[in-house]
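A, B, ... follow the sequence lines: proteins, then strands. Residue 1 opens every chain.
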There are 2 protein chains.
Amino acid sequence: MTFTTPSSPYGIHRVIEPLGVLPQGAWKIDNTMEITDNEILIDVSALNIDAASFTQIKQEANGDEAKVAEIVKGIVEKRGKHHNPVTGSGGMLIGTILEIGSALAGKIDLKVGDKIATLVSLSLTPLRIDEIVKIHMQKDQIEIKGKAILFETGLYAKLPEDIDEKMALAILDVAGAPAQTARLVKEGDTVVVIGGGGKSGTLCVYEAKKRAGKNGCVIGVSPFEKDCQRMKDLGWADHTLQVDATNALALMEAVSNVTNGAMADLVINCVNIQNTEMGSILSTKQHGKIYFFSMATSFTAAALGAEGVGKDVEMIVGNGYATGHAEHSLALLRESETLRKLFTELYV
Amino acid sequence: MTFTTPSSPYGIHRVIEPLGVLPQGAWKIDNTMEITDNEILIDVSALNIDAASFTQIKQEANGDEAKVAEIVKGIVEKRGKHHNPVTGSGGMLIGTILEIGSALAGKIDLKVGDKIATLVSLSLTPLRIDEIVKIHMQKDQIEIKGKAILFETGLYAKLPEDIDEKMALAILDVAGAPAQTARLVKEGDTVVVIGGGGKSGTLCVYEAKKRAGKNGCVIGVSPFEKDCQRMKDLGWADHTLQVDATNALALMEAVSNVTNGAMADLVINCVNIQNTEMGSILSTKQHGKIYFFSMATSFTAAALGAEGVGKDVEMIVGNGYATGHAEHSLALLRESETLRKLFTELYV
Ligand SMILES: NC(=O)c1ccc[n+]([C@@H]2O[C@H](COP(=O)([O-])OP(=O)(O)OC[C@H]3O[C@@H](n4cnc5c(N)ncnc54)[C@H](OP(=O)(O)O)[C@@H]3O)[C@@H](O)[C@H]2O)c1
Ligand SMILES: NC(=O)c1ccc[n+]([C@@H]2O[C@H](COP(=O)([O-])OP(=O)(O)OC[C@H]3O[C@@H](n4cnc5c(N)ncnc54)[C@H](OP(=O)(O)O)[C@@H]3O)[C@@H](O)[C@H]2O)c1
């Protein structure tokens, strides 16, 4: 392996500016759709825009669909990738393999024509949008005609036969969250899932209840009645709290109420908006843990916020990758009919 | 305890905008130096500006001392606290207790006239600067005349008799780093300390070697010859690598060289500059850990960077607080004559 140009396994050869960084850190990358011998060319059918990013874009567009299309195209034209400059986040895509570089062909388990989802962020993936076919405003998904490139080190998952493409796209986008939940939750734990009515939040509530067991306590939080109602209907949360997580004290008091002041062993933050670090910190007990899956998390707000209130908690950055996370998340749809039904309603 | 106005233990009653958040999250807080019954008034003698913040301010001032003074005063005038709007970080202060609110007097181990260091960030501490007495450009310290307020939940440490004030100010600012290092490093570990020649970095190298033991391997990283020479002279690092951590591939290759490709069990990031997330990630082995103490860390760059290269690593947000961290850091100066001599040279 050579790590630099002409064909770095990390895609460094695609970086236009600033030189010397990796594609994720770059402001602009080269999205010419001619591959080097260690790249893979994908015919893209749909993008799943990261929820924090899509929320920001919809706000900027005042909910106007045409304006969303313009912003999305503008980002890709400017940066060669769908890397939202405000939130710093990306998303992922599904598509069909068009071409495999000669240095990789035959050595990997992909062939031309295979359908895959990328498991690396759009924030580092060379992308060209030729046409926006349809924007699904409530699903964070955009059908497009376009192409993308996967680097040699880029992870992917072949789309399974038994799961609808759109559903796979939706669930694989947040596959890291339930996989990390499975690692972090211990039997008997009290777990708070902030944004528990959302996509990743629902998976985390489900997985947390499975791990915490009947002696554990899973608490779902959302400011919206419909989300709370959904959590109740699904039945995996022991408590649902209708609270705005940006109101740190209100959240702390609500969690205190249902835990008799004991607070949470683990808080999982799955929101799509800013300013929920403090609410997460105050809901956690001393020596507890917080898993920040939300891409709207501010590093300094978390670090200095915990210090400011003397909370000795371990705060974990939501790494989008965990070994086996794609298989793990798809397996959830296979083991729970209820989960599959919900994701079918929402994303298919 | 009531958690809201007129006298919240968290200082919410001081928030001017936006209302509803805690002081750390606020843009502006009230720095009127009249205390409520649960606040403590401090006569401030010196500020220790957070290294990431001071680096940014010095750059903005082009190294000009008068301009640094102007920026520092400007921040406090605009926000009522020394909360750098670019880096999001603060620092801490030392001073003498002037007044203790009636609800606290007699109930805490402080009396008027005690000398203390605050252990909560300046990013949430009401502060008024009356005069800048002296700026120590190389020590991140500013002697001032001014006042500050500590909230009921605000942590502090009484300044010890046997340690010089300036040295205590310097070491207490980064007390969280060696305390977390002590928790994270196990016997036999390979530990990389990025920015190992700096203030927190030196303490982390020392603590890491103590914990990793003779079967462990501690690697210090700095792009500067003088820092590397200092690490060699101190003798706690098994290897010193003169590499710029913003060059992710160069750092990865250097760490690979000295570990025979095994990479680090733990990377501790103590730099004062941006764009070192990727270097940290690539230096860590699969299933290793990264402790981001640096306030210049970007949450999304860490989360998406690790995903982008398929690294299943646990990334921890550097909480400034850990139980007993102040005592722990001061004890290091007492147990190591070498450390004390170095900190005396640098900060007294
Ligand atoms: N770490 C990673 O690698 C990674 C990967 C993918 C996604 N993410 C991040 O994970 C987060 C969740 O993604 P997702 O796809 O699950 O998003 P989602 O489906 O939009 O879920 C977010 C949930 O938070 C709720 N919410 C909004 N405001 C809230 C508030 N004030 N208090 C409590 N809950 C609130 C939302 O309610 P409404 O929908 O009703 O507004 C929604 O249910 C996003 O920040 C995304 O960027 C991270
Ligand atoms: N989490 C918390 O609660 C908390 C509390 C306090 C401080 N901090 C943060 O911790 C970090 C370190 O603080 P500190 O007081 O120890 O700062 P410091 O003494 O300035 O140390 C930073 C070190 O990094 C070195 N460095 C600069 N550029 C580098 C590069 N490209 N590669 C490798 N090393 C490089 C610096 O070298 P030169 O000095 O020679 O440039 C210096 O030795 C800062 O980011 C600070 O904000 C966090």
Ion pair check, A/K285 and A/D265, cut-off under 4.0 Å: yes
- prompt: At a heavy-atom separation under 4.5 Å, does B/L155 approach chain A through its side chain, its backbone, both, or neither?
  reply: side chain
message: Shorter than 4.5 Å, heavy atoms on both sides: which option in B/T87, B/I290, B/T297 has the most such pairs with chain A?
response: B/T297
message: Report which part of B/N319 has an atom under 4.5 Å of a heavy atom belonging to chain A: side chain, backbone, both, or neither.
response: both
- prompt: Are A/N269 and A/T276 close enough, and set up right, to give a side chain to side chain donor-acceptor pair (under 3.5 Å), and what steps lead you there?
  reply: CA-CA 8 Å; A/N269 186 316; A/T276 62; 2.9 Å; yes
query: Where the side chain of B/S283 meets the backbone of B/G279, is there a donor-acceptor pair that is under 3.5 Å apart?
result: yes
message: Is B/L304 close to chain A through its backbone or its side chain, or both, or neither, when contacts mean heavy atoms under 4.5 Å?
response: both
query: Side chain, backbone, both or neither: which part of A/M278 has an atom under 4.5 Å from a heavy atom of chain B?
result: side chain
task: Let me know if A/H325 has heavy atoms under 4.5 Å from chain B in its side chain, its backbone, both or neither.
output: neither
- prompt: Side chain, backbone, both or neither: which part of B/S121 has a heavy atom under 4.5 Å from chain A?
  reply: both
message: Any side-chain to backbone donor/acceptor pair from A/T153 onto A/P9? Under 3.5 Å, distance only.
response: yes
message: Is there a side chain to side chain contact (heavy atoms under 4.5 Å, CB included) between A/S298 and A/E277? Walk through the geometry before answering.
response: CA-CA 8 Å; A/S298 153; A/E277 297 85 0; 3.6 Å; yes
statement: Turns out that what part of A/I316 lies under 4.5 Å from chain B's heavy atoms comes down to both
query: Tell me, side chain or backbone of A/S123 under 4.5 Å from chain B's heavy atoms, or both, or neither?
result: side chain
- prompt: Are the side chain of B/E39 and the backbone N or O of B/G11 linked by a donor-acceptor pair below 3.5 Å?
  reply: no
message: Quiz question: by atom type and distance under 3.5 Å, do the side chains of A/T246 and A/N275 form a donor-acceptor pair?
response: no
query: Between B/V21 and chain A, which part of the residue has a heavy atom less than 4.5 Å away: side chain, backbone, both or neither?
result: neither
field: Under 4.5 Å from any heavy atom of chain B - which part of A/T125
entry: neither
message: Does any backbone or side-chain atom of B/F151 lie under 4.5 Å from a heavy atom of chain A? Answer side chain, backbone, both or neither.
response: neither
query: Is it true that atom NZ of A/K186 has more than 12 heavy atoms of other residues, nucleotides or ligands lying nearer than 6.0 Å?
result: no
field: Atom group of B/L119 that falls short of 4.5 Å from chain A, counting heavy atoms
entry: backbone
- request: Taking B/N272 for its side chain and B/T55 for its backbone only, find out whether a donor-acceptor pair lies under 3.5 Å.
  value: no
message: Heavy-atom cut-off 4.5 Å, strictly under: side chain, backbone, both or neither for B/T118 against chain A?
response: neither
- request: Output yes when a side-chain donor or acceptor of B/N31 lies under 3.5 Å from a complementary backbone atom of B/L127, and no otherwise.
  value: yes
- prompt: Using non-hydrogen atoms only, which part of B/Q24 is less than 4.5 Å away from chain A: side chain, backbone, both, or neither?
  reply: side chain
statement: In terms of heavy-atom pairs under 4.5 Å with chain B, the winner among A/L22, A/D50, A/V317 is A/V317
